[in-house]
Amino acid sequence: MVEFLDLKSINKLDREAMIEACTRVIDSGWYISGKELASFEREFAEFCGTQFCIGVANGLDALILTLQAWKQLGLLVEGDEVIVPANTYIASILAISQNQLVPVLVEPNEGSFNLCPIAAEAAITDRTRVILAVHLYGQLADMPALSSLAKRKNLLLLEDSAQSHGAAIDGRRAGNWGDASGFSFYPGKNLGALGDGGAITTNDAKLAETLRALRNYGSHEKYKNLFKGVNSRLDELQAAVLSVKLKSLDEQTQRRREIAQQYLQGIDNPLIKLPVVDAGSVLDFHQHAWHLFVIRSEHREALQKHLSDNGVQTLIHYPIPPHKQQAYAEWNTLSFPLTERLHEEVLSLPMGPTLSGEEAEQVVAACNSFSVASVK
């Protein structure tokens, strides 16, 4: 079986260096908010091209705390609207709801799966304050267009970069396009911790200062609390591990691109729609991080079974759109036809930096052998 993602083999690449880093932390006697976190924050800010990085407990907190910080700074108030793609993972929307802000769902660009600038502009009202651009599957949204839109309409631009570590447009990386960006370091991400972790990048010094307090009970100085904050800190062990893995991220991303190229050149089954890398904008195959390689098929269930029968493990990202979830029952009658079709058709093929060329060829062959007879 070609595994969807072999985390053990991926982490084995850096095993000795990670053991050394963890040993260093254990022996230091300092496990929260120390030198390892400060070092990783500097390194990741430099990697993204930003001035600041603030480590937090997970990717959801990265988004929640950024919106909360903007509220503390007087840039947002309860009831303000945030434009967000309807086909995103629910975490993007939970961050909005948990700040008592109003998510405004819009259809994505069908080719890239990302937020459509035209649809986003059409959804702007006098209550709109934020555009939340989700870089789904590892490809940046059309950030030049969205940046221009945000500036014209005087809106905040927040990137959800949970799946796009190292992705770029014209060399400018995820995390350095918006007013702020939230990252996840969940183990399966391109830059994954050995547990939960997250970070926020920004070039706004005042926002960074506010976020550092909010993640630590609202405190800059022990026992002095400026805000009603939370406990959301990236610990020393995870920061040390991430520093190790960051060193090989570009190399591993290049390997992902090679696998994606193998899929794009090899899969020629008319029953399968391949991802569109250049959706008529500045998007570029060579700047896609390929967190996931997502195909589409009107016969997804049969295709998934066929692939499994042929030794290929696949996953669905994501089977149910947010507006059809019980958590948002008030939206269940809304209609987003493109989003709903995408969620019925998308299927993620194996992808990872340790996937071999032979395994990728097995995936290609299994996709190409799928037929209408298989459907029947």
Side-chain angles (χ1 to χ4, degrees), residues 32-33 37-38 40-42 44-45 48 50-84 88-103 129-135 150 155-165 174-186 189 191 193 195-222 224-236 238-239 242:
I32 297 289
S33 301
L37 175 61
F40 173 71
E41 287 177 334
R42 287 193 300 270
F44 194 66
C48 295
T50 60
Q51 293 185 50
F52 307 103
C53 169
I54 303 93
V56 295
N58 54 69
L60 176 57
D61 280 3
L63 297 176
I64 290 174
L65 291 174
T66 300
L67 293 170
Q68 184 181 349
W70 281 335
K71 289 173 70 178
Q72 292 288 353
L73 292 169
L75 301 177
L76 297 176
V77 298
E78 291 185 11
D80 282 345
E81 293 177 353
V82 180
I83 291 173
V84 61
T88 187
Y89 181 57
I90 198 169
S92 310
I93 295 168
L94 289 172
I96 301 168
S97 299
Q98 290 188 27
N99 275 287
Q100 293 77 49
L101 302 169
V102 179
R129 297 293 180 270
V130 183
I131 296 174
L132 176 48
V134 182
H135 306 318
L155 303 176
L156 293 164
L157 181 58
L158 175 58
E159 297 174 74
D160 182 340
S161 301
Q163 300 183 358
S164 61
H165 316 71
N176 192 26
W177 281 93
D179 296 286
S181 177
F183 286 87
S184 167
F185 303 126
Y186 182 77
K189 304 299 185 186
L191 180 61
D196 272 322
I200 302 144
T201 57
T202 184
N203 292 307
D204 185 333
K206 195 169 185 179
L207 175 63
E209 182 182 18
T210 304
L211 286 165
R212 289 193 188 99
L214 285 174
R215 72 175 176 184
N216 187 43
Y217 303 101
S219 172
H220 282 114
E221 183 180 345
K222 197 167 185 178
K224 294 184 179 180
N225 303 80
L226 303 176
F227 313 113
K228 296 175 183 177
V230 298
N231 178 6
S232 180
R233 298 174 298 209
L234 181 66
D235 66 61
E236 290 286 277
Q238 299 300 349
L242 288 166

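Along the sequence shown, the residues carry numbers beginning at 1.
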Interatomic spacing from [atom1] in [X] to [atom2] in [Y] - rounded to 0.5 Å:
X    : Y    : atom1 : atom2 : answer
I54  : F44  : CD1   : CZ    : 11.5 Å
F40  : L242 : CZ    : CG    : 4.5 Å
S184 : L191 : OG    : CG    : 9.5 Å
Q72  : K206 : CD    : NZ    : 11.5 Å
L214 : D61  : CG    : CG    : 11.0 Å
L65  : T210 : CG    : OG1   : 11.5 Å

Could you tell me if the side chain of [Y] sits less than 4.5 Å from the side chain of [X], heavy atoms only?
X    : Y    : result
N203 : N176 : yes
R129 : L75  : no
R212 : F52  : yes
S219 : N225 : yes
D196 : Y186 : yes
Y89  : D160 : no

Self-check item: Evaluation steps, side chain to side chain contact (heavy atoms under 4.5 Å, CB included), between L37 and E236
Solution: CA-CA 6 Å; L37 175 61; E236 290 286 277; 3.3 Å; yes

Please give me the minimum heavy-atom distance between [X] and [Y], naming the atom from each residue.
X    : Y    : result
H135 : Q163 : O-CB, 3.9 Å
A199 : V56  : N-CG2, 3.7 Å
S92  : V134 : OG-CG2, 3.7 Å
L207 : D204 : N-OD1, 3.1 Å
G55  : E41  : N-OE2, 2.8 Å
G197 : L234 : CA-CD1, 3.8 Å

Quiz prompt | More than 12 heavy atoms from other groups under 6.0 Å of CZ on F227 | solution = yes

Exercise. Identify, with sequence neighbours excluded, every residue that meets side-chain hydrogen bond (donor to acceptor under 3.5 Å, both in side chains) alongside T66.
Key: none

Quiz item: Given the rule in the side chain to side chain contact (heavy atoms under 4.5 Å, CB included) test, do Q98 and Q68 qualify, once you have shown the distances and angles that lead to the verdict?
Solution: CA-CA 9 Å; Q98 290 188 27; Q68 184 181 349; over 6 Å; no

Quiz item: How are the rings of H165 and F183 set to each other: parallel, tilted or perpendicular (split at 30° and 60°)?
Solution: tilted

Quiz item: Does T201 reach the main-chain N or O of G175 with its side chain, forming a donor-acceptor pair under 3.5 Å?
Solution: yes

Self-check item: Test item: E159 side-chain N/O and W177 main-chain N/O as donor-acceptor pair under 3.5 Å
Solution: yes

Quiz item: Hey, mind stepping through T202 and T50 against side chain to side chain contact (heavy atoms under 4.5 Å, CB included) and telling me if it holds?
Solution: CA-CA 6 Å; T202 184; T50 60; over 6 Å; no

Practice problem: I would like to know whether Y217 and K222 meet side chain to side chain contact (heavy atoms under 4.5 Å, CB included); could you show each step before the answer? | Solution: CA-CA 9 Å; Y217 303 101; K222 197 167 185 178; over 6 Å; no

Quiz item: Just one of L156, L101, D80 clears the side-chain contact (heavy atoms from CB on, under 4.5 Å) bar with V130, so which one?
Solution: L156

Exercise. Run through V102, L158, L67 and flag the one making a side-chain contact (heavy atoms from CB on, under 4.5 Å) with I96.
Key: L67

